[in-house]
**Student:** 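Take this structure first; my questions come after.
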Amino acid sequence: MLEKHGHGGDIWTAAELYGIDKNSFLDFSSNMNPLGPPEAAERIIREEWRRELSRYPDPDCRELRQKIASVYSIPASSVLAGNGAAEIIDLAVRAQRPRTVGLLAPSFREYATAAQRAGAGIVDIPLSAERNFDPDWTSAELQKAVPEAELFLFGHPNNPTGRLLSTEFVRQLAATGKPVILDEAFIDFSGEEESVSFIRQAAESDRLCVVRSLTKFYTVPGLRLGFAVAGQGWIGAMKRLQVEWSVNGLAQRIGQEVLGDGEFARATRDWLREESAWLTKALTGLGLQVTPSAANYLLFRLPGEWGVTIHRLQEAMGRRGILIRSAATYQGLDERYGRIAVRSRRDNMRLATELAGCLEELRA
C-alpha cells in the first residue's frame, strides 16, 4: 500500500513497491506548487545557512509572527508558528480538550489522528458526492452531529475534495457557540482567498482557530512550517503545550521572506486557474468523474461499470513511474476514488497519456 503513512509524497515506499529509483518518479500524489520554492528560499539557504545552523532559533518566532501579522493585518499576539500544519492542528485540538470532535467524511486523516491523540471520540458527518461533497446544514447527519460534537475541525478547502465551505455554513457553525478549527492549508491557491478566508475573524475570536501552511504554496515541505491564528486565550493554551524551538531557524527566515511575495502568488494562481481547467477536461475526456476544486488537486471517481479499482490503477501508473493518490483511505470514499495534484502542463500531459494507456489495459 503506497499510503501506509496516510499521505502522499512517500517516494521511499514507492521505490520499494515498484522497483524504481525514488528520485525518478513523477509525483502526483503530493500537492506541491510546481512553481516553487521561490528564489528567496534558495538565497537564504545559500547565504545564511551557517548563521542559522550555528545558533538557537527564536523560540517565540517573533520576526516571523510579526511578518504574518503584517501580511494579514492581524495582531502578532494572535499568531502561533509551528512545525507544519500537522503540529498546529494537534496543538489546537489538545488546547480545547474536547471529548468529541466533529469531522467531515471524507477529510484529511490527520484530523482524526489529532482528535484521538487528545483522547476525543469522533463524530463523522458524511458528505454526498451528489452535492459535490459540500456540507448541508439541514442534513440529518449534520444536525445529529451538532449536539454530539464539542469541537468542529473542517478543511477549508477540504482535502481531498478541494471544496470551500460557504460563508453561510461557517456562520451557522459559529452560531452553535462551539469551538471551530478551520484548516486553510490550501486556501492560498484560491483566487478568492481575500474574500473566503476566515483568518481575520479568527484573530478576534476565542471560538475560532484558523490553521495555515506554508508547505504547499511555497513548496517547502522539508522545512515544516505552518501557523495558527486565534484569540489570545486559545493561542496561549497552544503555546503552553508546544515543545520549545519547534520551528527551526531556516524555516523562520524563509517564512519571513516568502510571505507576502505578491508576484509569486499571482503567478501561482494564474498557473492553477489554467492548468486545473486543462487537467479537469483531460480527465473527464477519459471518462472519469471529477469534483470541481478550489485547490491544487482534483478528486476523481472511476465509473463502477469499468470494474477498475483505484489500487489497480495506482499500481499500473506506479510501474510507469507516476504516483497518484488512492482516496479509498479517506473515510466515506471507496475503491473507485483517486486524487491527483495539478502540476505543469508538460507533467499533466504525460499523466493524461499514461492514464489513458493504463485504463485501456485495465479495462481490456
Side-chain angles (χ1 to χ4, degrees), residues 6 78 85-86 88-185 187 196-212 228-238 240-241 291 329-334:
S78 294
I88 293 294
I89 291 167
D90 182 77
L91 293 171
V93 174
R94 286 198 291 136
Q96 290 293 324
R97 296 185 292 180
R99 289 174 295 182
T100 52
V101 177
L103 305 177
L104 300 177
S107 63
F108 185 36
R109 196 177 82 168
E110 186 61 35
Y111 301 162
T113 301
Q116 290 159 357
R117 285 175 181 152
I122 306 298
V123 180
D124 283 321
I125 305 168
L127 300 177
S128 166
E130 288 68 33
R131 287 182 50 85
N132 279 332
F133 299 101
D134 292 332
D136 178 7
W137 186 258
T138 65
S139 70
E141 292 86 356
L142 202 143
Q143 290 304 308
K144 180 176 182 292
V146 168
E148 291 183 3
E150 294 187 355
L151 177 147
F152 294 99
L153 171 50
F154 295 164
H156 178 58
N158 193 21
N159 181 6
T161 67
R163 302 295 292 171
L164 289 163
L165 299 171
S166 72
T167 301
E168 177 61 18
F169 178 83
V170 176
R171 185 192 67 78
Q172 291 170 316
L173 200 62
T176 67
K178 297 184 178 182
V180 177
I181 301 171
L182 293 182
D183 178 9
E184 294 188 349
I187 206 167
V196 298
S197 173
F198 289 89
I199 197 167
R200 291 187 178 90
Q201 293 91 321
E204 302 173 354
S205 172
D206 60 354
R207 311 305 286 169
L208 175 62
C209 176
V210 163
V211 178
R212 300 294 289 263
V229 175
Q232 295 180 31
W234 199 338
I235 291 294
M238 293 169 65
R240 287 189 290 273
L241 293 170
T291 300
T329 57
Y330 288 89
Q331 180 77 13
L333 299 182
D334 59 28

**Student:** Shortest non-hydrogen contact from Ala228 to Cys209?
**Tutor:** CB-SG, 4.1 Å
**Student:** Test of understanding: with salt bridge (charged side-chain N to carboxylate O under 4.0 Å, His left out), list the residues that count as partners of Arg212, not counting sequence neighbours.
**Tutor:**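 By the salt bridge (charged side-chain N to carboxylate O under 4.0 Å, His left out) rule, Arg212 matches Glu184, Asp188, Glu193.
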**Student:** Calculate, to the nearest 0.5 Å, the distance between atoms CG and CG belonging to Leu104 and Leu127 respectively.
**Tutor:**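 Going from CG on Leu104 over to CG on Leu127, the span is 5.0 Å.
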**Student:** Applying side chain to side chain contact (heavy atoms under 4.5 Å, CB included), name anything that partners Ala174, two or more places apart in sequence or on another chain.
**Tutor:**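 Counting only residues at least two positions away or on another chain, Ala174 forms no side chain to side chain contact (heavy atoms under 4.5 Å, CB included).
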**Student:** Can you name the salt bridge (charged side-chain N to carboxylate O under 4.0 Å, His left out) partners of Asp206, sequence neighbours left out?
**Tutor:**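 Asp206: no salt bridge (charged side-chain N to carboxylate O under 4.0 Å, His left out) contacts found.
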**Student:** Can you list the residues that meet the ring-ring contact (aromatic ring centres under 6.0 Å, His included) rule with Phe152, with sequence neighbours excluded?
**Tutor:**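 Checked Phe152 against ring-ring contact (aromatic ring centres under 6.0 Å, His included); matches are Phe154.
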**Student:** Mind jotting down which residue pairs meet the side chain to side chain donor-acceptor pair (under 3.5 Å) criterion with at least one end in residues 95-105? Sequence neighbours excluded, please.
**Tutor:**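 Qualifying pairs: Arg99-Glu150.
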**Student:** Quick one: list whatever passes side chain to side chain contact (heavy atoms under 4.5 Å, CB included) with Thr291, sequence neighbours left out.
**Tutor:** Asn132, Phe133, Arg163, Leu299
**Student:** Which pairs count as side chain to side chain donor-acceptor pair (under 3.5 Å) when at least one residue sits in residues 153-162, sequence neighbours excluded?
**Tutor:**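 Passing the test, one end in residues 153-162: Asn159-Tyr330, Asn159-Arg339.
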**Student:** Please enumerate all residues that pass side chain to side chain contact (heavy atoms under 4.5 Å, CB included) together with Arg117, with sequence neighbours excluded.
**Tutor:**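 Arg117 satisfies side chain to side chain contact (heavy atoms under 4.5 Å, CB included) with Asp90, Glu110, Thr113 once adjacent residues are dropped.
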**Student:** In the structure I gave you, are the side-chain heavy atoms of Ser166 and Asp134 within less than 4.5 Å of one another anywhere?
**Tutor:**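 The answer is no, as the side chains (C-beta and beyond) never meet within the 4.5 Å cut-off.
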**Student:** If we ignore hydrogens and angles and just use 3.5 Å, is the side chain of Trp234 paired with the main-chain N or O of Ala92 as donor and acceptor?
**Tutor:**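 Yes, because the side chain of Trp234 sits within donor-acceptor range (under 3.5 Å) of the backbone of Ala92.
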**Student:** Take Val146 and Trp137, measure what side chain to side chain contact (heavy atoms under 4.5 Å, CB included) needs, and give me the verdict at the end.
**Tutor:** CA-CA 10 Å; Val146 168; Trp137 186 258; 4.0 Å; yes
**Student:** Test side chain to side chain contact (heavy atoms under 4.5 Å, CB included) on Leu142 and Asp136; report intermediate values, then the result.
**Tutor:** CA-CA 7 Å; Leu142 202 143; Asp136 178 7; over 6 Å; no
**Student:** Can you sort out the partners of Arg131 under salt bridge (charged side-chain N to carboxylate O under 4.0 Å, His left out), two or more places apart, ordered by chain and number?
**Tutor:**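 Arg131 satisfies salt bridge (charged side-chain N to carboxylate O under 4.0 Å, His left out) with no other residue.
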**Student:** Using side chain to side chain donor-acceptor pair (under 3.5 Å) as the criterion, list what pairs up with Gln331, not counting sequence neighbours.
**Tutor:**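 Residues passing side chain to side chain donor-acceptor pair (under 3.5 Å) with Gln331: none at all.
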**Student:** Please identify each residue that fulfils salt bridge (charged side-chain N to carboxylate O under 4.0 Å, His left out) with Glu168, with sequence neighbours left out.
**Tutor:**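 By the salt bridge (charged side-chain N to carboxylate O under 4.0 Å, His left out) rule, Glu168 matches Arg171.
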**Student:** Of all residues at least two apart in sequence or in a different chain, which pass the side chain to side chain contact (heavy atoms under 4.5 Å, CB included) check with Ala115?
**Tutor:** Val101, Ala120, Ile122
